[in-house]
Amino acid sequence: MTEPSIDAPLVDRVAMLSVHTSPIAELGGPDSGGMNVYVNELGRWLARTGINVDIFTRRTDTVTPRVLELDDGLRLIQIEAGPPHRIHKDELFCHMPDFASDMAYFALQQGVRYDVVHGHYWLSGWAAQLLKEHWHAPTVHMYHTMAHLKNAVANGEHRETILRLQIERRLVDIADGLVAANPHERKEMIDRLGASPDQIHLVPPGVDLELFQPHDQQQARAELGLPDGPLVLFVGRIDPVKGIDTLFDGFKRLCESRDWDGQPPTLLFIGGTIDEDRGESGMDEDLRQVKADAEALGIEDRIMFLGSISREVLPLYYSAADVCTVPSRYESFGLVAVEAMACGTPIVASRVGGLQFTIQDQQSGILVPHSDHVALASGLERALTDEALVRKMTAGARRAAIRYSWQMVSSSVVDVYQQLVDGPVPEPVRIAR
Ligand code: UDP
């Protein structure tokens, strides 16, 4: 890796690409979760250090202005590529050349060039490579999720495409820097995608430690109108990798495991979207299906389906809960786990992806095998009943989360940019094989 030199030009302007989903999209939908939060927060923190950040996303409506100022030094740019409405992300690849040309056109109009192009997710990674020729700027890529890992745990219907698998492999050859969120992802990049260890920078995700703070549990419950008794919290997109089936089987078993002194646990389910004006009939299709699954198991009256909850209110939910659970089959970041931990809430999570590094078993949470509802139920039961362990995990959770402050994370990202800017001018890429 090149050492930064003292007289090197400082990174002044960064183009960040988030093609398939906007950093300001409502969270909890099928394509809006950790990556949106990450791009938004990273942009804000980079802008605070004085770097000008433009985030480029595909236009999916006709009303959002072309340029939206999100913060001092942080702009969100709508890019014309494909129809101006939502289409499935598998249909977006053919629009990437248009995406890259409209970005180049925007830069020309504004009279700016970018020092670094940072792509998030495989589609953006590809568009970033197309732009390299315009700006001769180094590219940084973050996968967020990898197709081969999702496929390893997917059932037949939800497999990722061959095209995505191929592009993810190709990005290793053409991106100047790769950011891995944890050692597991780094190893996958080397072993499965053929990346060189020198290309990879290990930078974990960040959490907003000012927002995600412990609140008094009883006050939080009162403020949110939540019931008494044990509360288990789930926060996440409705996606097969999130293990919602395991959660429901495990939760049913938990409820039946003892008599709970007449007050069995309640599951707070945050995810999916609900049109408030239409009440329950305003649930999106995925959430309706999830609710039907709960009904089939006979546990629907123990679950509160809350839809999407804004980030400002989430700390109250984390604090109100006795335990937060992340039963995913695969999890690249696992931001929810770190947010819960920052609020001092113990976690019961699958031992997969990033979760096995953010959570220390029996110290800041409990790790269980994925897709194992029996192990999940027993982990949840311990987190609700073993008082000594709960005390230890509550203190351990907040201590562990402090390692992920955005201040530290964003400064590591700036170091990555600077190293790349200090390195040799990148060659234009020959995209075709
Ligand atoms: N989130 C939110 N409101 C919701 C649902 C989710 O703010 O209703 C946020 C959550 O707080 C977290 C992110 O969405 O910051 C989900 O990130 P995670 O890494 O856990 O999962 P991913 O979506 O990346 O699979």
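For ligands, and for the atoms within them, numbers begin at 1 and follow the listed sequence. From a predicted model like this one, the values you see are computed outputs, not experimental measurements.
Counted by atom type alone, Asp415 and Gln419 present zero donor-acceptor pairs between their side chains at under 3.5 Å. In the model, Thr161 has no side-chain atom that pairs as donor or acceptor with a side-chain atom of Asp90 under 3.5 Å.
Between Asp54 and Arg75 there is a salt bridge, since a side-chain N of the basic residue sits under 4.0 Å from a carboxylate O of the acidic one. A salt bridge links Lys150 with Glu160: at least one charged nitrogen is closer than 4.0 Å to a carboxylate oxygen. Between Glu331 and Lys242 there is a salt bridge, since at least one side-chain N of the basic residue sits less than 4.0 Å from a carboxylate O of the acidic one.
Contacts of ligand 1 (protein heavy-atom distance under 4.0 Å) are Leu27, Gly28, Gly33, Gly34, Val37, Val235, Arg237, Lys242, Ile270, Ser308, Ile309, Arg311, Leu314, Tyr318, Glu331, Phe333, Gly334, Leu335, Val336, Glu339.
Within the 3.5 Å criterion, the main-chain N or O of Pro327 finds no donor-acceptor partner in the side chain of Thr246.
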